[in-house]
Structures are given as structure tokens and as C-alpha cells.
Amino acid sequence: MKKALICFTVFLLTVSPFTLRAADAHQEGSKTEAEEISEYINHHLQDDHYFSLFTDKKAGKHYGFPLPVILIDNGFHIFSSGEFHHGEHVVEKNGQHYALYHGKIYKTDAAGTINYDEDHHATNEKPLDFSITKNVVGLLLAALLLFVGFTSLAKTYKKGANNLPKGAGRFLEPLVLYVRDEMAIPNIGHRYKEFMPYLLSVFFLIFLLNLLGLTPLGFNVTGNITVTLCLALFTFVITNVKANKDYWKHIFWMPGVPALFKVFLMPIELLGIFTKPFSLMLRLFANITAGHSVVMGLIAIVYLFQNQLTVGGSIGVSMALTLLLFILELLVAFLQAFIFTMLSSLFIGMAVEEHAHH
């Protein structure tokens, strides 16, 4: 009975052990296992200049491979991120010194001095950083997989319209038809072909990146707000560049509305132009980040509840809860790609729709 209650508590309050252990750590003045796990989860959610597979802290070894660092600071500086030794060493290039601190590269001196403001934020100057980070690797991998898959599908169609796709094409074709028939045509209308390349690109890119994020490779590309911001900006630009005069007329001077109300409604409609892409950006980022955090928190049960549940019990509870959430995350991976594409097609359709004036 006691173990059953503990399992129920673990299921509902997965984050509680992190808080309790952290409080004990501050009292004892040492870092607990829960704090180390919390740091590891935060590190996983962030981008990195080093592709880490796993770390053996006891042996002090990191297993993975370094990625190229590309800096523009009085010229090009290209070198391996391995030279930073995971932030332990200062790198000197052409008289300039660089330090890796919390995933960011800062200009510093030979001693690696980092200056802080009142909020303990680093104030050192940063060079222009065009490095190939872990998120960039994830994007390149996704682009390569999509290129190979859709090239195969295109070759099938070149042979004849009635040919059945083979291999990955059998999985891709129903999704292509789904985006066309359930999103593009209903929301955009007769101009849907004009926007199909973008809608297909954004749908499959988000879907594949979400799936890659569930693999042991540790990608969290769609959980990076800069990536979701970039995708939302594409929708924002396409929507407003392709918008017709009726769209802008309904924003700045709505037909059929009393003049006094037009004055009050205009700033609200104008604000809506920016809130739409903002919602796209935030929804995708928040859902993927939350999913990764909870999955890793459930995996951490193996380490946090060994005394209460025994080693076998903690592993069993962790695997059961993680498996259930993992299945749910597979659904979320598709759902977030669907929502982003559906809303994008809806916003585009509103912009190109030809309004009937009464």
C-alpha cells in the first residue's frame, strides 16, 4: 500500500523531488543529485557547441564530438569547439581570446575573465557567431532526410501519375494529400497551389524535428525559441506580402462599421497582425520544451526514488510512466506540426480572401 501511494505521488508530483532535494542542498551547502539532474535537463534543452552523447562525471569524460566554431571578429576564425574543453580553456586566435560560458562565446582576456552586471549576467563583448551548433546539425539532418524522401517520391511521379510510391514515399504521400485537402484547400481556396510548397515544408520540417527530438540523439530544435521565431516570421512575411487590398482595408478601415468604431478597432486589428505569429512561435516552443522536460524528469525517477521504491521498483515506475508519456509525445509531435501548418494556412487564407462588400 505504501509503495502504491508513493507511485501515485510520483505520477502527480514529479517535480517535487527536485524542489525538496534542492532545499536540503542549500542547507547542507552541497549540490544534490536532484540539482545535478535539473542542471542536466536545462543543458539538454539548450543549444550547444559540442554534440554530447553522455558524460561520465566520475571519470571526468565527455562522450561525443566537437562541432565547428565560426566567428567573425576582425576576420574569420574557424576552429573546433573541442579547443574550449567544455568551457575549461580559453582559446586564442590571432591575438583575440574567447571563452565558452553557459553555451555562449565571449571575448575575454588570457585568464578568461568574465564580467557581470548586477543581475549576474555576463557583460563581455560577443563576436558574431555563425557556428555549427547542435541545433544546426539537427536542421541539416532533417533537411537531408526530407530531401532524400521527397526526391524518391518525385521520381515516382515522373514515371507516371498512377504509379504507386515506394519506400518512404508510401508514408509521405498520404501526409502530402492531408496537408492539401484538409488545410490548404479549405482555408486558402483556389490559390492553394501557390502556398503548398511553404505549407508542406513547414509541416514536414516541424514533424521530423519533433520526432528527432524524441530520439537518444538529444535534439531540441523546435524547443529553441529562435527556431520557432524564424518559422513564425516566415508565416508573418508570406501572409502580409501576399495580402490583397481587401485584407488591409478590413484592418485599417473596416467596411460597414460606424466611423467611431473604426477608430477603436483599427489599433486592435493592427495589433492582431503581430499577435498571430507570436502565438505560433510561443505555442510550438512551449509545448516541445515542456514535453522534453517532463520526459527527462520521469527518467530521473530511477535515481531519485531508489531508496523508497528499490532499484527495480524505481526503474519499473520510471519506464512505465516514460513509455506512456513517450506515446503521448508521438501524438504531440504530429499535433504541433498540424497546428502550426493549419494556423499558417488559415492566416494566409484570411489575407488572400476576396471579401464581398455589402
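For this chain, numbers begin at 1 and follow the sequence in order.
- Legend: residues meeting side-chain contact (heavy atoms from CB on, under 4.5 Å) with P127, ordered by chain and number and at least two apart, are L71, D73, Y98, I105, K107.
- Proximity of L199 to S344: side-chain heavy atoms (C-beta onward) are separated by under 4.5 Å at one or more points.
- Not a single salt bridge (Lys or Arg N to Asp or Glu O under 4.0 Å) links K104 to another residue, sequence neighbours left out.
- At least one side-chain heavy atom of L343 sits less than 4.5 Å from a side-chain heavy atom of R283.
- Crowding of M319 atom CE: a count of heavy atoms from other residues, nucleotides or ligands under 6.0 Å not exceeding 12.
- Listed by chain and residue number, D129 satisfy the side-chain hydrogen bond (donor to acceptor under 3.5 Å, both in side chains) test with S131 (two or more places apart in sequence, or in another chain).
- In this structure the side chain of F252 never reaches within 4.5 angstrom of the side chain of E269, judged on heavy atoms.
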I339 and L335: CA distance, side-chain angles, deciding distance, side chain to side chain contact (heavy atoms under 4.5 Å, CB included) verdict: CA-CA 6 Å; I339 291 174; L335 188 61; 3.9 Å; yes

Steps toward side chain to side chain contact (heavy atoms under 4.5 Å, CB included) verdict (V137, K134): CA-CA 5 Å; V137 173; K134 187 170 68 172; 5.5 Å; no

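- Heavy-atom contacts from other residues, nucleotides or ligands closer than 6.0 Å to CZ of F234 number 12 or fewer.
- Taking the side chain as every heavy atom from C-beta outward, I288 and L284 approach each other to under 4.5 Å.
- Taking CD1 of I114 as the reference point, atom NE2 of H121 lies at 14.0 Å (rounded to 0.5 Å).
- Cluster annotation: L205 is connected to F171 through the hydrophobic network of ILVMFWY side chains, with a link wherever side-chain heavy atoms come within less than 4.5 Å.
- Checked against ring-ring contact (aromatic ring centres under 6.0 Å, His included), H190 has no partners two or more places apart in sequence or in another chain.
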Test log, rule side chain to side chain contact (heavy atoms under 4.5 Å, CB included), inputs F326 and V295: CA-CA 7 Å; F326 186 84; V295 167; 5.6 Å; no

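- For the pair H49 and L100, the minimum side-chain heavy-atom distance is below 4.5 Å.
- Residue K276 holds its NZ atom at 7.5 Å from CD1 of I273, rounded to the nearest 0.5 Å.
- Cluster membership check: V317 shares its hydrophobic cluster with L328, using side-chain heavy-atom separations under 4.5 Å among Ile, Leu, Val, Met, Phe, Trp and Tyr.
- Within 6.0 Å of the CZ atom in F65, the count of heavy atoms belonging to other residues, nucleotides or ligands exceeds 12.
- Here salt bridge (Lys or Arg N to Asp or Glu O under 4.0 Å) pairs that include residues 332-347, with residues two or more places apart or in two chains, number zero.
- Through side-chain heavy atoms spaced under 4.5 Å, either directly or across other Ile, Leu, Val, Met, Phe, Trp or Tyr residues, L177 is tied to no other residue.
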Verdict with supporting geometry, F236 and F274, ring-ring contact (aromatic ring centres under 6.0 Å, His included): CA-CA 8 Å; F236 173 77; F274 301 97; 5.6 Å; yes

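- In terms of hydrophobic clustering, with Ile, Leu, Val, Met, Phe, Trp and Tyr side chains grouped at heavy-atom distances under 4.5 Å, V136 and V69 are assigned to different clusters.
- Here OG1 of T235 is found 10.5 Å from CG of N240. Values are rounded to the nearest 0.5 Å.
- Relative orientation of the F203 and F207 rings is tilted, given thresholds of 30° and 60° on the angle between their planes.
- The minimum heavy-atom distance between N244 and V352, with the atom names listed, is ND2-O, 3.1 Å.
- Summarising the geometry of E353 relative to D246, their closest heavy-atom pair is O-CB, 4.4 Å, with the distance given to 0.1 Å.
- By the criterion of side-chain heavy atoms lying less than 4.5 angstrom apart, applied directly or through intervening Ile, Leu, Val, Met, Phe, Trp or Tyr residues, I132 is grouped together with F130 in one hydrophobic cluster.
- Residues V148 and L144 are in side-chain contact: their nearest non-hydrogen atoms beyond the backbone lie under 4.5 Å apart.
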H97 and D109: CA distance, side-chain angles, deciding distance, side chain to side chain contact (heavy atoms under 4.5 Å, CB included) verdict: CA-CA 6 Å; H97 295 85; D109 53 24; 5.7 Å; no

Give the table of side-chain donor-acceptor pairs shorter than 3.5 Å for residues 216-229, with sequence neighbours excluded, one pair per line with atom names and distance.
{"unit_1": "N220", "atom_1": "OD1", "unit_2": "H292", "atom_2": "ND1", "d": "3.4"}
{"unit_1": "N220", "atom_1": "ND2", "unit_2": "L45", "atom_2": "O", "d": "2.9"}
{"unit_1": "T222", "atom_1": "OG1", "unit_2": "N210", "atom_2": "OD1", "d": "2.6"}
{"unit_1": "N224", "atom_1": "OD1", "unit_2": "T226", "atom_2": "N", "d": "3.0"}
{"unit_1": "N224", "atom_1": "OD1", "unit_2": "T226", "atom_2": "OG1", "d": "2.4"}
{"unit_1": "T228", "atom_1": "OG1", "unit_2": "I225", "atom_2": "O", "d": "3.0"}
{"unit_1": "T228", "atom_1": "OG1", "unit_2": "M281", "atom_2": "O", "d": "3.3"}

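- Closest approach of G112 to V90, counting heavy atoms only: CA-CG2, 3.4 Å.
- Looking only at atom types and distance, the side chain of T239 has no donor-acceptor partner in the side chain of Y247 under 3.5 Å away.
- Of all the heavy atoms in L212 and G138, the pair that sits closest is CD1-O, 4.2 Å.
- Remark: N115 pairs with T113, T123, N124 by the side-chain contact (heavy atoms from CB on, under 4.5 Å) rule, at least two apart or across chains.
- Here L128 contributes atom CG and H77 contributes atom NE2; the two are 10.5 Å apart, rounded to the nearest 0.5 Å.
- Atom NE2 of H102 has 12 or fewer heavy atoms from other residues, nucleotides or ligands within 6.0 Å.
- For I78, the side-chain contact (heavy atoms from CB on, under 4.5 Å) partners at least two apart in sequence or on another chain are I70.
- For the pair D47 (side chain) and N135 (backbone), a donor-acceptor distance under 3.5 Å is present.
- K93 pairs by the salt bridge (Lys or Arg N to Asp or Glu O under 4.0 Å) definition with E83, not counting sequence neighbours.
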Side-chain donor/acceptor pairs under 3.5 Å, residues 178-189, sequence neighbours excluded:
{"unit_1": "N187", "atom_1": "ND2", "unit_2": "M183", "atom_2": "O", "d": "3.0"}
{"unit_1": "N187", "atom_1": "ND2", "unit_2": "S345", "atom_2": "OG", "d": "3.0"}

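- The shortest distance between side-chain heavy atoms of L231 and L280 does not fall below 4.5 Å.
- Both L145 and L140 sit in one connected hydrophobic cluster of ILVMFWY residues. Membership requires side-chain heavy atoms under 4.5 Å apart, directly or through other members.
- Annotation for A142 and L208: closest pair O-CD2, 3.5 Å, computed over non-hydrogen atoms.
- Atom OG1 in T151 sits 10.0 Å away from atom CG in L146 (nearest 0.5 Å).
- Ring orientation note: the planes of H85 and H89 are tilted relative to one another, at an angle of 30° to 60°.
- Other residues, nucleotides and ligands place more than 12 heavy atoms under 6.0 Å from the OH atom of Y116.
- Among residues two or more places apart in sequence or in another chain, the side-chain hydrogen bond (donor to acceptor under 3.5 Å, both in side chains) test is passed with R170 by none.
- Side-chain contact check for L172 versus F204: some heavy-atom pair is nearer than 4.5 Å.
- The structure places CD of Q336 at 9.0 Å from CD of E329, a figure rounded to the nearest 0.5 Å.
- Checked against the 6.0 Å centroid threshold, Y50 and F84 do not count as a close aromatic pair.
- P174 and G169 make their closest contact through CD-O, 4.4 Å (heavy atoms, listed as atom of the first residue, atom of the second, distance).
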